[in-house]
A.B. asks: 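The following block contains the structure, expressed as structure tokens.
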2 protein chains.
Amino acid sequence: MNYSVSEENYIKSIFHLQKKEGTVTTNELAAELKTRPASVTDMMKKLKTKKLLHYQPYKGFRLTADGTRVALGIIRRHRLWEFFLAEKLKFTWDEVHEVAEELEHVSNKKLIDKLDAYLGFPKNDPHGDPIPDANGKIDPGKKIRLPDVPLQTLCTVAGVRNQSAELLELLENKKIKIGTRIEVRKKFEFDQSMEIKTGKQSINTISHQLAENILITYDAG
Amino acid sequence: MNYSVSEENYIKSIFHLQKKEGTVTTNELAAELKTRPASVTDMMKKLKTKKLLHYQPYKGFRLTADGTRVALGIIRRHRLWEFFLAEKLKFTWDEVHEVAEELEHVSNKKLIDKLDAYLGFPKNDPHGDPIPDANGKIDPGKKIRLPDVPLQTLCTVAGVRNQSAELLELLENKKIKIGTRIEVRKKFEFDQSMEIKTGKQSINTISHQLAENILITYDAG
DNA sequence: CGAATGATTTAGATTTGGCTAAATAATTTT
DNA sequence: AAAATTATTTAGCCAAATCTAAATCATTCG
Ligand SMILES: [Mn+2]
Ligand SMILES: [Mn+2]
Ligand SMILES: [Mn+2]
Ligand SMILES: [Mn+2]
């Protein structure tokens, strides 16, 4: 039940990559981790024997339920430290990630749970991303940024991250408001723009900047 | 200028061990780190090529000035985290060491200096040990526990760690009071008792419990 | 002094995580 | 449906940090 820094970095990357496509390829993961495809294959075999990964040679991979639980633990640590760094140590939001990248690997449960309590059980890190609780659950009513929603998942607009007139104008034009039902159909690698379906039928393309400012909740159930 | 977790653990252990005897032996260090003498020899060669160590085969080793600087950086990180864990996260003093043992290896200077500031530049960790400042200096007027003083180093009694009648009675009997000049002559492994010279000539043996409660400062210069 | 003893180093293996180059599988073109 | 291209895995190395067993150095004692 204890994983090396290297294993943890692989697990976390797989978790993030599979949000986009459901399955992760060797080359994608190698690029993300700045390593070589052959090294990825080696680690995949290892994580498979540890039952953290569904993996068939040549077919890509996905985390198992166990793997997902481990990933959420790492993400919890990462985001709690980011919150601490920004809130208490006065790092700016763009500096916290690099430091949290190291702190996340100190995996003492009592430390993290006490840190969580000390920080007042924050719901989101300084980038707006949700912080899993001690059981690895993300509050079901929790607001998530639209780019973090998996494809083909129906959800509901719950808020925006800033109140500028420019943003509100754009939202009005796209007919997106609190309560709008929304589903991401496709994400374009090139500029992170995405095709969404809102309401009953209308299909629309929105920029990454816009998507980042839309918060949603998953639908009940 | 960046060292592995393993290198750091070796460096820190050498620093602590050489306080007692000035020089450290292979077997001592192997016992301390729960590893084998052969592994120690390998690492000593490596630290020597990095100029952190004075080392002649069969002759034991000592940190160089560079090695000492590195050691003080690790000790600074360790003790600041211990202070944080006790003061902010409400760990008890006997729980902090184990967690700090991991956190000390996250060596981001900005992180540590901001943590120091956030904590209000504490002078001592929860065990009473002094915390080196950002330059690796221990406040020259800082109070150190007598067991942490190297052998044959003249220093001055500056305080005690508790005010119980029992302690004061013993101190009076041994003729130790604030301002007494004191020098540790010998430490006995068996019970950590030590032979000290106080004032002009009197040689005396004191227990570890007593020594731990005597705080000293180094003499000027 | 010269053996015996104990401490230390050397030699040779092992594990983990990484790399390059070559082989093989899958997909896309023609 | 081949051929060409791209993706992935295999094979063979390497470096760091460990270990065990054997060799060597240093010290002590008869
Ligand atoms: Mn990381
Ligand atoms: Mn973040
Ligand atoms: Mn450590
Ligand atoms: Mn301490």
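Reminder, nothing fancy here: chain letters follow the sequence lines and each chain counts from 1. Remember, it's a predicted structure, so these values are computed and weren't measured experimentally.
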A.B. asks: So, does Y3(A) get its side chain near the phosphate of dT16(C), meaning an N or O under 4.0 Å from OP1 or OP2?
C.D. replies: no

A.B. asks: Does F84(B) have K88(A) sitting over its ring (NZ/CZ under 6.0 Å from centre, angle to axis within 45°)?
C.D. replies: no

A.B. asks: With respect to the phosphate group of dT8(D), does any side-chain polar atom (N or O) of N27(A) fall under 4.0 Å of OP1 or OP2?
C.D. replies: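 N27(A) to dT8(D) OP1/OP2: side-chain N or O found under 4.0 Å.
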
A.B. asks: Kindly say if S6(A) contacts the phosphate of dG18(C), meaning a side-chain N or O under 4.0 Å from OP1 or OP2.
C.D. replies: yes

A.B. asks: Do K90(A) and Y118(B) meet the cation-pi criteria used here (NZ or CZ under 6.0 Å from the six-membered ring centre, within 45° of the axis)?
C.D. replies: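 Because its charged atom misses either the 6.0 Å distance or the 45° angle limit, K90(A) does not stack over Y118(B).
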
A.B. asks: Let me know the distance between CG of L47(A) and C1' of dT16(C), rounded to the nearest Å.
C.D. replies: 13 Å

A.B. asks: Side chains of H208(A) and Q192(A): is there a donor and an acceptor less than 3.5 Å apart?
C.D. replies: no

A.B. asks: Write down the distance between CE (M44(A)) and C1' (dT8(D)), rounded to a whole number of angstrom.
C.D. replies: 13 Å

A.B. asks: Would E7(B) and K50(B) count as a salt bridge (charged side-chain N to carboxylate O under 4.0 Å, His left out) here? Give the steps.
C.D. replies: CA-CA 11 Å; E7(B) 288 171 327; K50(B) 295 194 176 186; 2.7 Å; yes

A.B. asks: With heavy atoms under 4.0 Å as the rule, sort K45(A) into base, sugar-phosphate or nothing.
C.D. replies: sugar-phosphate

A.B. asks: Would you mind classifying the nucleic acid contact of F61(B) as base, sugar-phosphate or nothing, using non-hydrogen atoms under 4.0 angstrom?
C.D. replies: nothing

A.B. asks: Mark yes or no: K114(A) above the aromatic ring of F91(B), with NZ or CZ under 6.0 Å from the six-membered ring centre and no more than 45 degrees from the axis.
C.D. replies: yes

A.B. asks: Starting from P on dT15(C), measure out to CE on M43(A) and report it in whole angstrom.
C.D. replies: 16 Å

A.B. asks: Please determine whether a side-chain nitrogen or oxygen atom of Y55(A) lies at a distance below 4.0 Å from atom OP1 or OP2 of dT9(D).
C.D. replies: yes

A.B. asks: When you measure from the side-chain N and O atoms of S4(A) to the phosphate of dT16(C), is any distance below 4.0 Å, counting only OP1 and OP2?
C.D. replies: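 For dT16(C), OP1/OP2 do not have a side-chain N/O of S4(A) under 4.0 Å.
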
A.B. asks: Pick the nucleotide of DNA chain C nearest each of K59(A) and T26(B); which residue has the one closer to the 5' end?
C.D. replies: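 Result: T26(B).
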
A.B. asks: What residues, two or more places apart in sequence or in another chain, satisfy side chain to side chain contact (heavy atoms under 4.5 Å, CB included) together with N135(B)?
C.D. replies: D133(B), K137(B)

A.B. asks: Could you tell me how far apart N9(B) (CG) and dA16(D) (P) are, to the nearest whole angstrom?
C.D. replies: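 N9(B) atom CG is separated from dA16(D) atom P by 18 Å.
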
A.B. asks: Under 4.0 Å, heavy atoms only, any strand: does T41(A) hit a base, just the sugar-phosphate, or nothing?
C.D. replies: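 Contact class for T41(A): base.
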
A.B. asks: Nearest-Å distance, CG (L29(A)) to P (dT9(D))?
C.D. replies: 11 Å

A.B. asks: Output one line per pair: protein atom, nucleotide atom from nucleotides 19-23 of chain D, and distance, for all N/O pairs under 3.5 Å.
C.D. replies:
from    : atom 1 : to     : atom 2 : distance (Å)
dC19(D) : OP2    : T35(B) : OG1    : 2.6
dC19(D) : OP2    : R36(B) : N      : 3.3
dC19(D) : OP2    : S39(B) : OG     : 2.7
dT20(D) : OP2    : R36(B) : NE     : 3.4

A.B. asks: May I ask you to check whether D66(B) and T64(B) show a side-chain donor-acceptor distance below 3.5 Å?
C.D. replies: no

A.B. asks: From the list dT8(C), dG18(C), dT18(D), which nucleotide is the closest neighbour of the side chain of Y10(A)?
C.D. replies: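 Selected nucleotide (nearest to the side chain): dG18(C).
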
